[in-house]
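This report refers to the structure that appears directly beneath it.
Both backbone and side-chain heavy atoms feed into the values below; hydrogens, waters and symmetry mates do not. Residue numbers begin at 1 in each chain, while the letters A, B, ... track the order of the sequences. Remember, it's a predicted structure, so these values are computed and weren't measured experimentally.
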2 protein chains.
Amino acid sequence: MSNTPVADGRATSCAACPLRQKRALREFSADELAIVQRMKTGELRMKPGASFLRQGERNEHFYTILSGWAFRYKMLPDGRRQILNYALPADLVGLQGSLMVEMEHSVEALTDVTLCAFPRERLWTLYSNSPSLAFDITWLAAREEQLVDEHLLTLGQRTALERTAYVLLHLYTRAEEVGLTRGSDPVHLPITQQHLADTLGLSLVHTNKTLKRLHVAGMIRWKDRLFEVLDRQALAAAAGGDITRIRQRPFI
Amino acid sequence: MSNTPVADGRATSCAACPLRQKRALREFSADELAIVQRMKTGELRMKPGASFLRQGERNEHFYTILSGWAFRYKMLPDGRRQILNYALPADLVGLQGSLMVEMEHSVEALTDVTLCAFPRERLWTLYSNSPSLAFDITWLAAREEQLVDEHLLTLGQRTALERTAYVLLHLYTRAEEVGLTRGSDPVHLPITQQHLADTLGLSLVHTNKTLKRLHVAGMIRWKDRLFEVLDRQALAAAAGGDITRIRQRPFI
DNA sequence: CGCTTGATTGATGCAAGTCAATTATGGTGG
DNA sequence: CCACCATAATTGACTTGCATCAATCAAGCG
């Protein structure tokens with residue numbers, strides 16, 4: 001198999017994928033690159049607020065996030081919403097809907113999002129042609145579950161203050177991991193307090209008051225979508241332990 | 001490859017695996033059966049209360065539950081415990097610990113448990129030799145995440161009464177799926193109210209009082225480890241929607 | 001028979017929810 | 001340029017769902 005970049009009308013060739021540069025992501029062989037390239041059908045752009053995967057619907061593609069932020073969520077019939085997790089660049093979304101009959105959650109864009117699309121049928125081809133990539137996909141699924149496990153511990157056992165500290169530190173750390181911190185500290189955190197409340201399982205008002213406590217204590221600054229950790233030690237302590245970091249990770 | 005059952009000192013041959021009978025589980029080809037058989041190193045028996053996979057430790061095996069109940073949980077340094085999910089026959093546990101460096105949660109037996117053990121290195125062999133089984137493993141990982149997602153919605157958004165109704169209905173349904181209902185109705189539910197409280201993220205006392213409400217309303221009966229759904233309609237309504245059932249599922 | 005584990009119940013307190021009003025802030029059309 | 005509107009953040013007053021504390025009861029069991 002050739003390692004020549006495939007030239008085709010698509011926006012980006014996988015060999016030139018900007019995500020490949022990231023230190024946190026594992027290297028691909030030329031073979032693997034070619035397989036992913038052949039599986040990719042194109043790119044998709046989403047506007048903030050667009051739900052591109054919806055609970056109850058069958059989805060024909062799954063996606064890797066090339067750029068932007070999104071979030072996975074579930075809703076109850078009466079409108080209560082629980083945000084399950086956030087999806088950042090290099091994260092895989094919609095895999096569940098490709099394996100099962102239909103999606104059991106929805107995914108919505110928070111910023112302009114660029115997605116790399118793979119048709120669900122070709123997942124099977126990938127499993128037949130590349131055990132290593134199949135392994136990576138399982139790894140990503142297991143990693144996602146691990147994050148949800150941690151979130152579950154947070155909602156079930158931590159107090160409002162601990163929860164808030166934990167989730168903020170978690171988001172900050174993940175943004176760092178994929179190089180979303182410009183320069184030193186502040187990250188662009190494209191969520192409202194309502195999103196945070198729906199993540200924490202708290203009311204909007206109480207979320208606001210808890211944030212204020214963290215702010216007054218000098219641990220964080222969050223203004224105009226810019227988020228800054230001022231005292232990581234203290235924030236980690238308030239969260240009840242630091243965040244589990246991932247060394248090297250695969251992505252498709 | 002032969003479809004003759006492999007005779008070797010092990011307790012059960014995979015071809016004769018009692019779980020194969022279950023309607024809910026997908027059929028295996030002779031090839032697949034042989035591969036699983038070769039991967040299996042033996043069986044393990046656990047006593048109630050034994051934690052056979054532990055948070056922070058590296059585990060050399062992952063397991064399929066052949067019989068019995070177990071639960072996955074995480075703990076905070078100060079002892080607070082969150083039960084993430086329960087593991088019933090045909091469920092896979094410890095996969096995460098085989099993919100990642102170490103376990104991020106623990107698993108403890110609730111009853112006598114028989115496990116089918118697979119060494120972590122052979123997972124790679126399986127991915128190389130059987131795309132279909134690799135696919136099944138990913139399916140199981142995605143399914144587990146789906147269950148945790150639902151649980152997260154429950155803890156984040158549902159009230160104590162809704163939570164309790166939901167989790168009980170969930171457990172009952174899953175027990176049904178793998179044929180744990182003897183005769184018609186009552187299931188052996190091998191958990192204490194403390195387990196349930198740690199699952200729901202509620203205090204023991206409040207869990208007890210909420211159970212009583214469901215009992216008084218004539219929806220459930222739970223006495224001496226025997227659990228019965230008396231009014232499924234009402235219980236589902238109290239839970240805020242019925243449980244997502246799975247038609248056909250794979251297992252390893 | 002006393003010990004331990006689990007279930008049950010009442011009294012009291014507090015963390016978080018709800019209600020309601022006010023203050024930015026930015027967009028937009030007259 | 002400004003009046004108008006919608007979205008988001010903030011704050012105070014009041015309410016409540018769930019936690020905590022503290023007994024009591026029931027059942028197995030060595």
Side-chain angles (χ1 to χ4, degrees), chain A residues 47-49 71 76 78-83 108 110-111 154-168 188-217 220-228 238 240, chain B residues 47-49 71 76 78-83 108 110-111 154-168 188-217 220-228 238 240:
Chain A
K47 284 279 153 207
F71 64 94
L76 290 173
D78 65 3
R80 282 174 283 176
R81 174 179 75 172
Q82 178 61 43
I83 294 184
E108 181 177 321
L110 282 165
T111 61
T154 298
L155 291 207
Q157 303 301 325
R158 294 196 233 245
T159 65
L161 191 73
E162 292 170 328
R163 282 185 219 196
T164 310
Y166 189 87
V167 167
L168 288 176
H188 177 67
L189 197 61
I191 64 173
T192 65
Q193 292 188 5
Q194 184 63 65
H195 287 115
L196 189 57
D198 288 350
T199 307
L200 298 169
L202 297 173
S203 71
L204 175 59
V205 173
H206 199 66
T207 300
N208 180 287
K209 288 173 179 168
T210 308
L211 278 171
K212 181 160 195 196
R213 286 210 278 156
L214 290 173
H215 181 94
V216 167
I220 60 161
R221 179 151 46 207
W222 188 17
K223 197 81 182 152
D224 298 324
R225 303 287 117 98
L226 272 185
F227 176 76
E228 216 170 334
Chain B
K47 284 280 154 206
F71 65 94
L76 290 173
D78 66 3
R80 282 174 283 177
R81 175 179 73 172
Q82 178 60 44
I83 294 183
E108 180 177 321
L110 282 164
T111 62
T154 298
L155 292 209
Q157 303 300 325
R158 294 195 231 246
T159 66
L161 191 72
E162 293 170 328
R163 282 185 219 196
T164 310
Y166 189 87
V167 167
L168 288 176
H188 176 68
L189 196 61
I191 64 173
T192 65
Q193 292 188 5
Q194 184 64 65
H195 288 115
L196 189 56
D198 288 349
T199 308
L200 299 169
L202 297 173
S203 72
L204 175 60
V205 173
H206 199 66
T207 301
N208 180 287
K209 288 172 180 171
T210 308
L211 278 171
K212 181 161 195 195
R213 287 210 278 156
L214 290 174
H215 181 95
V216 167
I220 60 161
R221 178 150 48 207
W222 188 17
K223 197 78 183 154
D224 298 324
R225 301 289 116 99
L226 273 185
F227 176 76
E228 216 169 334

So if I take every side-chain heavy atom of [X] and compare against [options], which nucleotide ends up nearest?
X: L202(B); options: dA16(C), dC18(D), dT18(C); value: dC18(D)
X: T159(A); options: dA7(C), dA13(D), dA16(C); value: dA16(C)
X: R225(B); options: dT11(D), dG6(C), dT9(C); value: dG6(C)

Legend entry - Nearest-0.5 Å distance, OG1 of residue T207(B) to CD of residue Q194(B):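 Here the rounded value is 8.0 Å.
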Inset, instruction - Tell me which residues in residues 190-201 of chain A put a heavy atom below 4.0 Å from DNA chain C, sorted by number, or none. - result: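 DNA chain C contact set from residues 190-201 of chain A: G201(A).
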Legend entry - Base dG10(C) paired with K209(B) side chain (donor-acceptor, <3.5 Å):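 Counting by modelled atom types and ignoring angles, a donor-acceptor contact under 3.5 Å is found here.
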Do the side-chain N or O atoms of [X] get closer than 4.0 angstrom to the phosphate oxygens (OP1, OP2) of [N]?
X: K212(A); N: dT10(D); value: no
X: R213(A); N: dA15(C); value: no
X: N208(A); N: dA9(D); value: no

Please give, in whole Å, the distance from [N] [atom2] to [X] [atom1]?
X: R158(A); N: dA19(D); atom1: CZ; atom2: P; answer: 17 Å
X: I220(B); N: dA7(C); atom1: CD1; atom2: P; answer: 12 Å
X: L110(B); N: dG6(C); atom1: CG; atom2: P; answer: 12 Å
X: L211(A); N: dT11(D); atom1: CG; atom2: C1'; answer: 14 Å
X: R163(B); N: dG17(D); atom1: CZ; atom2: P; answer: 13 Å
X: L226(B); N: dA7(C); atom1: CG; atom2: P; answer: 13 Å
X: Q157(A); N: dA16(C); atom1: CD; atom2: P; answer: 13 Å
X: L161(B); N: dC18(D); atom1: CG; atom2: P; answer: 9 Å

On a heavy-atom basis, which atom in [X] and which in [Y] lie closest, and how many Å separate them?
X: Q193(A); Y: N208(A); value: OE1-ND2, 2.9 Å
X: P190(B); Y: L110(B); value: O-CD2, 3.5 Å
X: L155(B); Y: R163(B); value: O-NH2, 3.4 Å
X: L196(A); Y: V167(A); value: CD1-CG1, 3.9 Å
X: F227(B); Y: L168(B); value: CZ-CB, 3.8 Å

Legend entry - Step-by-step side chain to side chain contact (heavy atoms under 4.5 Å, CB included) determination, L200(B) to H206(B): CA-CA 10 Å; L200(B) 299 169; H206(B) 199 66; over 6 Å; no
Can you check nucleotides 24-28 of chain D for protein contacts, nitrogen or oxygen pairs under 3.5 Å, and list what you find?
none

Inset, instruction - Among T154(A), T199(A), L214(A), find the residue that satisfies the side chain to side chain contact (heavy atoms under 4.5 Å, CB included) test when tested with T164(A). - result: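 Answer to the side chain to side chain contact (heavy atoms under 4.5 Å, CB included) test with T164(A) among T154(A), T199(A), L214(A): L214(A).
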Legend entry - Whichever of K223(A) and V205(A) has its nearest DNA chain C nucleotide further upstream toward 5':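 Taking each residue's closest nucleotide, the earlier one in sequence belongs to V205(A).
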Inset, instruction - With Q157(A) as reference, evaluate R80(B), R81(B), Q82(B) under the side chain to side chain donor-acceptor pair (under 3.5 Å) test and give the passing residue. - result: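 Answer after filtering R80(B), R81(B), Q82(B): Q82(B).
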Legend entry - Validation row: I83(A), I191(A) side chains within 4.5 angstrom (heavy atoms):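 Counting from C-beta outward, I83(A) and I191(A) never come under 4.5 Å.
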